[in-house]
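Scroll down for the structure; my scribbles are underneath it.
When a ligand or atom number is given, it counts from 1 through the structure's own listing order.
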Amino acid sequence: MNYRHIFHAGNFADVLKHAVLARLIVYMQQKDKAFRLLDTHAGIGLYDLSSMEAQKTGEWREGIGRLLAAELSPPAASFFAPYLNAVRELNPDGGLTYYPGSPKLARMLLRPFDRLSAMELHPDDARALARLFEGDYQTRVTELDGWLALGAHLPPKEKRGIVLVDPPFEIENEFERLVDGLSRAYRRFSTGTYCLWYPIKKAVPAPAFHEALKALDIPKMLCVEMTVKSDREATGLTGSGLVIVNPPYTLKEELHAALPDLRRVLAQDRYASHRVVWLRGEDREDV
Ligand SMILES: C[S@@+](CC[C@H](N)C(=O)[O-])C[C@H]1O[C@@H](n2cnc3c(N)ncnc32)[C@H](O)[C@@H]1O
């Protein structure tokens, strides 16, 4: 396990993932009933962007750095507000030093009766995460293989929840594990909202991944993708995608309204693109 998220915290892929996660949490809170967020690959929770590691790649400058400084249209400003407000709250002096990973962002948004379960397999990262939430009765951090949590920790006892699956894609069969993990989890907890992250870069088999997902017997799956540059020259990440199972019914429209602004802000060349399509369900003909 070589992957350390500190090198990538706040990059363009984190921006899309965390903005959508924050929206999903806000939607859950439209009902008074408690819910649980299960974060299967949680990382360390809080990132110091002034650290040597974050400075070395500087990826956050092309991600949250750009978005935080941007002028946004009203629909985009409203879409990104829960996420950007959390980032601003962590940086009360107006700069950008601290960046919330998914568990920290989620925790900042939870109501006193909502719960967070966070899994992290890297021992150092799991320890750092446990320290961050020490004494917090709403949060449980476990040093555990997140793929196992998709079985053992579902359904949550609240019977309402969001499951974020954000693996590092260090090993070859991560797409297969995502499909298999979702399939197992959905059998145990079919009313949950799932958010699966995946990379977009040259030679990454996203179409095959989508086909495998479509073959699962899951009726509502929305896919959102954004690329920030062409993959002709680049060998690394050029974009990222999210598959959202059981999305809130307004999410697609909101993404349609907000993503043109995000693309404008994050674009690194003229080939930046975005799309929001149903893989299964609703107006499936747009796939
Ligand atoms: C992309 S990072 C997570 C970032 C985090 N979700 C966020 O948005 O802030 C992936 C994390 O998964 C951890 N990891 C790798 N394999 C794992 C596994 N099988 N179970 C749980 N965590 C794992 C890595 O150590 C890394 O911290």
Looking just at side-chain N and O atoms, do [X] and [Y] make a donor-acceptor pair shorter than 3.5 Å?
X      : Y      : answer
Ser117 : Arg36  : yes
Asp48  : Ser51  : no
Tyr198 : His210 : yes

His8 and Tyr3 aromatic ring geometry - parallel, tilted or perpendicular at 30°/60° bounds | parallel

Give the atoms of ligand 1, by number and element, whose distance to some non-hydrogen atom of [X] is under 4.0 Å.
X      : result
Gly43  : 27 (O)
Gly101 : 9 (O)
Leu144 : 20 (N), 21 (C)
Asp145 : 18 (C), 19 (N), 20 (N)

Does ligand 1 have a heavy atom under 4.0 Å from the side chain of [X], from its backbone, from both, or from neither?
X      : value
Lys17  : side chain
Trp147 : side chain
Ala9   : neither

With only distance considered, is [X] within less than 3.5 Å of ligand 1 through an N or O on each side?
X      : result
Asp14  : no
His122 : no
Gly146 : yes

Check whether any heavy atom of His18 sits under 4.0 Å from an atom of ligand 1.
-> yes

Please confirm whether Trp197 and His18 have ring centers closer than 6.0 angstrom.
-> no

What's the shortest distance from [atom] to any protein heavy atom, and which residue and atom give it?
atom                    : value
atom 2 (S) of ligand 1  : Tyr3 CE2, 3.5 Å
atom 9 (O) of ligand 1  : Ser102 N, 2.8 Å
atom 17 (C) of ligand 1 : His41 CD2, 3.4 Å
atom 26 (C) of ligand 1 : Glu120 OE1, 3.6 Å

Distance from Trp147 atom CH2 to Arg177 atom CZ, nearest 0.5 Å?
-> 5.5 Å

Hey, are the side chains of Asp261 and Leu259 touching, using non-hydrogen atoms and a 4.5 Å cut-off?
-> no

Would Glu254 and Arg23 pass as an ion pair if we require N to O under 4.0 Å?
-> yes

Heavy-atom proximity to atom 10 (C) of ligand 1, best of Thr40, Leu121, Asp166 = Asp166

Between Asp114 (side chain) and Leu110 (backbone), is there a donor-acceptor pair under 3.5 Å?
-> no

Taking Asn11 for the side chain and Ala13 for the main chain, is one N or O donor matched with an acceptor at less than 3.5 Å?
-> yes

